[in-house]
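Along the sequence shown, the residues carry numbers beginning at 1.
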Amino acid sequence: GVAPITFQLPVINTLEPILAASLLLWITGRERRFVYGSSRGVAGLLAAATVANAGTSLLGAWAVHASFGAPYWSVFSGWWIGNGLGMLAVAPLIFAWGDRRRGRINIEGLALVLAAAVLSAAVLYPDVWGAPDFFNRGSVLLPILVWTAIRARPRITSAATLVIAIVLTLGTLDGRGPFVGQGVSPLDGVANLQFFLAVAALLPLMIEGVLADRRAAQERLSASTASLASVLGAATEFSIIGTDARGNIDVFNTGAERLLGRSAEEMIGRRPNEVHDPSEIEARATELGIEPGFEAFVHAARRGEAETRQWTYIHADGSRLQVSLTVTARVNPDGRLVGFIGVARDVTESVLVEAERAALVRTSRAVAAAEPLETTLNFIAAEVGHLNGAELAAVTRFESPELGTVLGGWSAGGSIESGRPINLSGDSAAARVSRSGDAARIAAQDVERHSSGPGGPRDRVGVPVLVAGAVWGAISMGCLLYT
């Protein structure tokens with residue numbers, strides 16, 4: 001009888017918190033803020049209050065039933081609900097107020113706790129307060145708990161929950177409130193109260209857990225975004241331009257700013273087409289059989305393929321750059337397409353070097369073929385013109401300080417007449433080379449028309465041709481001007 005129960009109950013009561021704590025730590029993975037810091041912590045506390053508590057409640061009810069003959073299931077339900085409620089209502093309070101990072105209590109928090117106490121009293125004594133009849137329901141307390149969970153810190157929420165539990169318990173024991181009444185025994189009234197308090201304790205915990213998960217996700221996203229921004233900013237040797245799925249720029253790193261001479265503030269919200277050669281976009285769209293536009297860049301990326309192609313970027317000052325551009329798709333964790341990333345590397349110098357090497361090889365072969373001089377010089381002029389993006393190139397031999405002869409040439413708009421004399425006393429690029437012996441350049445706005453008939457050249461750039469260390473003539477390049 002008495003001796004066994006005096007031994008059994010302390011053992012069971014000691015075993016209960018050990019099992020509950022072990023289950024809680026196992027579920028939460030020993031998170032420091034495991035009760036209100038995540039939905040996982042709330043799930044752990046709920047498991048401790050129900051599963052672990054159920055085991056010890058079964059043992060406790062058996063001990064009481066065996067010793068005193070009390071109804072087994074009545075003892076079990078009272079034990080299980082009472083101890084579970086204690087865990088749900090008191091444990092969060094202990095964890096919250098034991099957290100060293102809890103901060104200061106603000107006026108809003110104190111007001112919420114006071115409001116919880118006043119509403120609890122109104123539920124118990126609506127006639128004393130003159131409150132409407134609908135206050136005689138426990139559900140009117142749930143909105144204040146929800147609001148407290150959303151607005152206040154966990155320690156305020158746990159304090160409000162405990163205040164509601166204390167006030168409702170005292171009132172119910174006094175025979176007041178919605179949980180007792182005619183036809184309801186005191187034991188059933190207490191059971192009704194315990195069930196309501198369990199729900200009232202669990203509701204704000206669940207809200208806080210969900211909000212904590214959301215805050216943690218936002219913090220991870222912010223950290224990831226900051227890390228990505230740092231990486232993009234550090235990649236100054238590469239142009240990285242990101243767009244959303246519709247093609248509007250949302251990433252424009254420092255490398256892109258340096259390469260294109262445009263600021264991120266200027267380019268965000270615009271489209272990559274603006275920094276590309278329109279003729280290349282049209283050519284690529286024709287090749288793919290689509291309308292010219294953004295799709296010409298991302299056609300392969302939309303199918304999940306990374307594509308690397310050579311494109312021409314247009315600098316803010318109008319100059320052109322050859323880039324190797326790799327375009328890939330951006331997807332979210334669910335695999336949904338959210339945009340595209342283009343990583344470009346300036347290959348202008350390497351492209352020019354390769355073009356120069358190839359031109360030298362072709363020129364050497366042309367010279368070695370021992371073709372007539374005019375044919376060879378025409379070929380050389382064409383290679384020089386193509387290499388430098390000119391519309392016209394000519395090879396001129398200096399006959400005297402005042403006279404030169406065009407021996408060969410090339411034009412994008414037609415042929416160049418060989419054997420045509422050139423006046424070297426004027427201000428053409430060839431004339432300047434003749435007088436100085438060095439390369440000469442005439443800016444477009446300073447160029448005068450030098451025409452000897454239809455198709456006459458307007459020189460802009462000239463370089464000397466040396467034979468045995470002496471200036472033999474010049475190769476001049478420029479635009480074709482019709483007079």
Side-chain angles (χ1 to χ4, degrees), residues 1-28 34-35 41-95 120 123-124 137-139 141-142 158 161-206:
V2 177
I5 197 68
T6 57
F7 171 75
Q8 293 168 356
L9 291 182
V11 171
I12 294 172
N13 287 330
T14 302
L15 181 62
E16 182 175 88
I18 295 176
L19 291 177
S22 300
L23 183 59
L24 178 60
L25 292 174
W26 178 72
I27 292 176
T28 59
F34 50 78
V35 172
V42 175
L45 180 62
L46 180 60
T50 55
V51 178
N53 179 37
T56 54
S57 297
L58 289 171
L59 294 176
W62 174 81
V64 172
H65 173 73
S67 299
F68 303 106
Y72 180 84
W73 291 112
S74 296
V75 176
F76 167 77
S77 61
W79 190 312
W80 183 59
I81 295 176
N83 287 5
L85 175 61
M87 293 182 189
L88 292 175
V90 179
L93 184 73
I94 296 174
F95 291 132
S120 300
V123 168
L124 293 172
R137 297 179 180 87
S139 57
L141 295 172
L142 298 182
S158 59
T161 303
L162 185 62
V163 165
I164 290 175
I166 292 174
V167 174
L168 292 184
T169 299
L170 293 176
T172 301
L173 294 177
D174 190 37
R176 304 299 298 263
F179 308 107
V180 294
Q182 293 183 353
V184 180
S185 66
L187 185 59
D188 290 337
V190 171
N192 293 336
L193 171 65
Q194 288 178 329
F195 180 78
F196 171 80
L197 292 179
V199 173
L202 187 59
L203 178 62
L205 282 177
M206 294 176 66

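Between T161 and P204, the shortest heavy-atom contact is OG1-CG, 3.9 Å. When all heavy atoms are compared, the tightest approach of L197 to A165 is CD2-CA, 3.7 Å. Considering all non-hydrogen atoms of both residues, L168 and S120 come closest at CD2-O, 4.0 Å.
A side-chain contact (heavy atoms from CB on, under 4.5 Å) with F179 is found for exactly one of L124, L193, T169, namely L193.
Residues T172 and F196 form no side-chain contact, since every pair of their non-hydrogen atoms from C-beta on lies 4.5 Å or further apart.
Considering CG of L205 and CG of L46, their distance stands at 9.5 Å, rounded to 0.5 Å.
Not one N or O on the side chain of W80 forms a donor-acceptor pair closer than 3.5 Å with the backbone of N53. S67 contributes no side-chain N or O that, together with a main-chain N or O of V64, makes up a donor-acceptor pair within less than 3.5 Å.
Looking at residues two or more places apart in sequence or on another chain, you find a side-chain contact (heavy atoms from CB on, under 4.5 Å) between Y72 and L58, A61, W62, H65.
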Pairs of donor and acceptor atoms involving the side chains of residues 83-92, under 3.5 Å and at least two apart or interchain, shall be tabulated with distances.
| residue | atom | partner | partner atom | Å |
| --- | --- | --- | --- | --- |
| N83 | ND2 | E16 | OE1 | 2.9 |
| N83 | ND2 | E16 | OE2 | 3.0 |

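The distance between the ring centers of F76 and W73 falls below 6.0 angstrom.
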